[in-house]
Amino acid sequence: MSEKPTKHTKVLIIGSGPAGYTAAVYAARAMLKPMLVAGMQPGGQLTITTDVENYPGFADVIQGPWLMEQMREQAKAVGTDLIEDHIQSVNLKSKPFEAIGDGGQKYTADSIIISTGAQARWLNIESEEKFKGFGVSACATCDGFFFKDKTVAVVGGGNAAVEEAMFLTKFASKVQLIHRRNELRAEKLLQKKLMENNKIEIIWDSVVEEVIGDEEPKNVKGLKIKNIKTNEMSELKIDGLFIAIGHDPATALFKDQLEMDNTGYLITKSDSTETNIPGVYAAGDVKDKIFRQAVTAAGMGCMAALEAEKYLTSN
């Protein structure tokens with residue numbers, strides 16, 4: 001079998017969420033003829049988000065998958081070469097940079113924009129999968145609004161879980177925080193605020209065994225939880241479940257080549273998307289563990305394309 005000819009581009013965009021597609025739009029409009037390799041989950045986390053109410057420009061509720069489809073079409077319309085492939089290895093020490101796809105296709109690029117995103121960690125139980133987007137969520141800032149005057153539960157014990165629980169009290173009438181240990185890992189100041197909030201109840205030493213709900217229309221009704229010290233099972237009546245046990249950035253590909261923090265997020269220069277290698281940029285959830293919104297990811301995609309353009313012009 002003959003080797004496939006190498007594909008070369010001025011800008012290679014790896015990943016296809018709001019950050020990747022926005023970077024593609026800006027790079028294409030700058031006449032850089034970018035290539036975007038879509039990856040395993042084209043559209044990223046928004047493809048598993050149903051109602052989107054907080055993306056600017058849409059007065060009516062829109063659907064996450066639809067928004068990603070629109071961004072993809074826009075990137076294509078302005079001249080992005082969209083490629084269905086998954087990058088499995090990169091060499092950022094070579095000039096031009098090199099990337100190899102799953103099927104052995106080789107890509108070379110004068111600059112790279114990394115927008116591989118992150119995935120929320122889930123409990124990985126069957127019933128959770130079934131109700132994702134129908135009462136089970138991993139983002140309180142995205143979905144909290146839908147639970148006005150309802151009872152919700154949050155799973156987790158770190159800063160994110162405590163912050164999500166506090167945020168949810170703006171909408172929900174009651175928030176139950178379920179934690180597998182008997183103390184929280186969150187910062188002491190956050191814990192103090194949590195304890196002082198009378199809408200929040202903490203359920204210690206417990207894990208979710210099953211999400212209970214209706215089939216038609218699909219919605220969450222309750223949880224089966226187990227106390228891991230006594231093995232006692234109990235049921236909670238709730239309307240929504242938020243999983244806040246952390247995110248994993250998709251950065252294994254760049255290990256030992258790019259600077260990361262201790263949890264694997266790519267590190268960029270202040271007020272910039274530039275990594276420790278000039279010409280390589282990171283945008284969206286792959287580097288942002290604070291905001292994690294479609295609109296901030298899109299903003300960083302724009303920044304990355306503008307920085308890549310400047311880099312290519314001066315080199």
Q: Under a 4.0 Å N-O cut-off, is there an ion pair linking D261 with K289?
A: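 So D261 pairs with K289 through a salt bridge.
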Q: If you measure only the distance, is there a donor-acceptor pair under 3.5 Å linking the side chains of Q63 and D51?
A: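 Q63 vs D51: donor-acceptor pair found between side chains.
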Q: Side chain to side chain donor-acceptor pair (under 3.5 Å), that's the test. Do D285 and Q45 meet it? Break it down for me.
A: CA-CA 10 Å; D285 286 15; Q45 294 184 79; 3.0 Å; yes
Q: Judged by atom type as modelled, is there a donor-acceptor pair below 3.5 Å linking the side chain of T151 to the main-chain atoms of I238?
A: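 No: the side chain of T151 does not pair with the backbone of I238.
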Q: Please check: side-chain N/O of S115 versus main-chain N/O of I14, any donor-acceptor pairing under 3.5 Å?
A: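 Yes, the answer is positive, given that a donor and an acceptor are paired below the 3.5 Å cut-off.
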Q: Assess the residue pair F97 and V280 against the criterion (side chain to side chain contact (heavy atoms under 4.5 Å, CB included)); give the C-alpha distance rounded to whole Å, side-chain angles, the decisive distance to 0.1 Å, and a yes or no.
A: CA-CA 9 Å; F97 304 118; V280 179; 3.7 Å; yes
Q: Roughly how far apart are Q70 CD and Y21 OH, rounded to 0.5 Å?
A: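 OH of Y21 is found 11.5 Å from CD of Q70.
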Q: May I ask you to decide if S173's main-chain N or O and D149's side chain share a donor-acceptor pair within less than 3.5 Å?
A: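 Pair absent, no side-chain N/O of D149 close to backbone of S173.
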Q: Is the shortest heavy-atom distance from the side chain of E309 to the side chain of L32 under 4.5 Å?
A: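 The answer is yes; the side chains approach within 4.5 Å.
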Q: Can you check whether K221 reaches N219 side chain to side chain, under 4.5 Å on heavy atoms?
A: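 Touching, per the 4.5 Å side-chain cut-off.
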Q: Would you kindly confirm whether M40 and L82 end up in one hydrophobic cluster when ILVMFWY residues are joined by side chain heavy atoms under 4.5 Å apart?
A: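 Result: no, two separate clusters.
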Q: Is any side-chain heavy atom of K170 less than 4.5 Å from a side-chain heavy atom of F145?
A: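 With C-beta onward as the side chain, the pair stays apart.
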Q: Near R29 CZ, under 6.0 Å, is it more than 12 heavy atoms from other residues, nucleotides or ligands?
A: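 Atom CZ in R29 is not crowded, with 12 or fewer foreign heavy atoms closer than 6.0 Å.
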Q: Is the centre of the F147 ring less than 6.0 Å from the centre of the F242 ring?
A: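 Yes; F242 has its ring centre under 6.0 Å from that of F147.
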Q: Indicate, with yes or no, if W122 and L241 share a hydrophobic cluster defined by side-chain heavy-atom contacts under 4.5 Å among Ile, Leu, Val, Met, Phe, Trp and Tyr.
A: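 Shared cluster, yes.
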Q: Go through the steps to decide whether K33 and D81 satisfy the test side chain to side chain contact (heavy atoms under 4.5 Å, CB included), and finish with yes or no.
A: CA-CA 7 Å; K33 298 193 173 81; D81 185 1; over 6 Å; no
Q: Indicate whether the side chain of Q293 and that of T141 have a donor and an acceptor atom separated by less than 3.5 Å.
A: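 There is such a pair (donor and acceptor under 3.5 Å, judged by atom type) between the side chains of Q293 and T141.
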Q: Please check: side-chain N/O of K218 versus main-chain N/O of K130, any donor-acceptor pairing under 3.5 Å?
A: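 Judged by distance alone, yes, a pair lies under 3.5 Å.
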Q: Does I100 share a hydrophobic cluster with Y107, counting links as ILVMFWY side-chain heavy atoms below 4.5 Å and allowing steps through other members?
A: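 Each belongs to a different hydrophobic cluster.
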Q: Do I245 and V207 land in one hydrophobic cluster if side-chain heavy atoms of ILVMFWY residues count as linked below 4.5 Å?
A: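 They do not share one cluster, since no chain of ILVMFWY contacts under 4.5 Å joins I245 to V207.
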Q: Just how far is it from atom CG of N315 to atom CG of L312, taken to the nearest 0.5 Å?
A: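 Spacing of CG (N315) from CG (L312) equals 7.5 Å.
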Q: Please answer: with hydrophobic residues joined when any side-chain heavy atoms are less than 4.5 Å apart, are M166 and L184 in the same cluster?
A: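 The answer is yes; both residues are in one hydrophobic cluster.
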Q: Does a salt bridge link K132 with E128, judged by any charged N lying under 4.0 Å from a carboxylate O?
A: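 Looking at K132 and E128, the cut-off is not met.
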Q: Output yes when E209 and K224 qualify as a salt bridge under the 4.0 Å nitrogen-oxygen rule, no when they do not.
A: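 Salt bridge between E209 and K224, a charged N being under 4.0 Å from a carboxylate O: no.
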Q: Quick check: does any side chain N or O of S16 sit under 3.5 Å from a backbone N or O of G43, one acting as donor and the other as acceptor?
A: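 Between the backbone of G43 and the side chain of S16 there is a qualifying donor-acceptor contact (under 3.5 Å).
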Q: Is the closest side-chain heavy-atom distance between P249 and M260 below 4.5 Å?
A: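 Contact flag for P249/M260 side chains = no.
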Q: Could you walk me through whether L12 and K7 pass the side chain to side chain contact (heavy atoms under 4.5 Å, CB included) test, one step at a time?
A: CA-CA 10 Å; L12 177 66; K7 292 186 178 184; over 6 Å; no
Q: Using modelled atom types and a 3.5 Å cut-off, is there a donor and acceptor pairing between side-chain atoms of D214 and backbone atoms of E216?
A: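 No, because the side chain of D214 does not come within donor-acceptor range (under 3.5 Å) of the backbone of E216.
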Q: Taking G279's backbone N and O only, do any of them form a donor-acceptor pair with S111's side chain (distance below 3.5 Å, no angle check)?
A: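 No.
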Q: Is there a donor in the side chain of E307 and an acceptor in the side chain of T273, or the other way round, less than 3.5 Å apart?
A: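 Checked: E307/T273 side chains pair up, N/O donor to acceptor below 3.5 Å.
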Q: Within the 4.5 Å heavy-atom criterion, are Q105 and D85 side-chain neighbours or not?
A: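 Of all side-chain heavy-atom pairs linking D85 with Q105, at least one is under 4.5 Å.
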Q: Looking at D205 and R181, is any side-chain nitrogen of the basic one under 4.0 Å from a carboxylate oxygen of the acidic one?
A: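 A salt bridge is absent here (no side-chain N lies under 4.0 Å from a carboxylate O).
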Q: State whether a side-chain donor-acceptor pair under 3.5 Å links Y311 with D110.
A: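 Y311 vs D110: no donor-acceptor pair found between side chains.
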Q: Please enumerate all residues that pass salt bridge (Lys or Arg N to Asp or Glu O under 4.0 Å) together with K10, with sequence neighbours excluded.
A: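 Partners of K10 by the salt bridge (Lys or Arg N to Asp or Glu O under 4.0 Å) criterion come out as none, since no residue qualifies.
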Q: Between N227 and T230, is there a donor-acceptor pair closer than 3.5 Å when you use the side chain of the first and the backbone of the second?
A: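 Looks like yes, one N/O pair under 3.5 Å.
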Q: Might you work through the side chain to side chain contact (heavy atoms under 4.5 Å, CB included) test for V154 and Q176, ending with a clear yes or no?
A: CA-CA 6 Å; V154 177; Q176 294 175 310; over 6 Å; no
Q: Counting only N and O atoms by type, is there a donor-acceptor contact under 3.5 Å from the side chain of T169 to the main-chain atoms of F167?
A: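 No: the side chain of T169 does not pair with the backbone of F167.
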Q: Can T6 and K106 be counted as having a side-chain donor-acceptor contact under 3.5 angstrom?
A: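 Per modelled atom types, T6 and K106 side chains form no pair under 3.5 Å.
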Q: So does G222 get a backbone contact from the side chain of E235, meaning a donor-acceptor N/O pair under 3.5 Å?
A: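 No, the answer is negative, given that no donor and acceptor are paired below the 3.5 Å cut-off.
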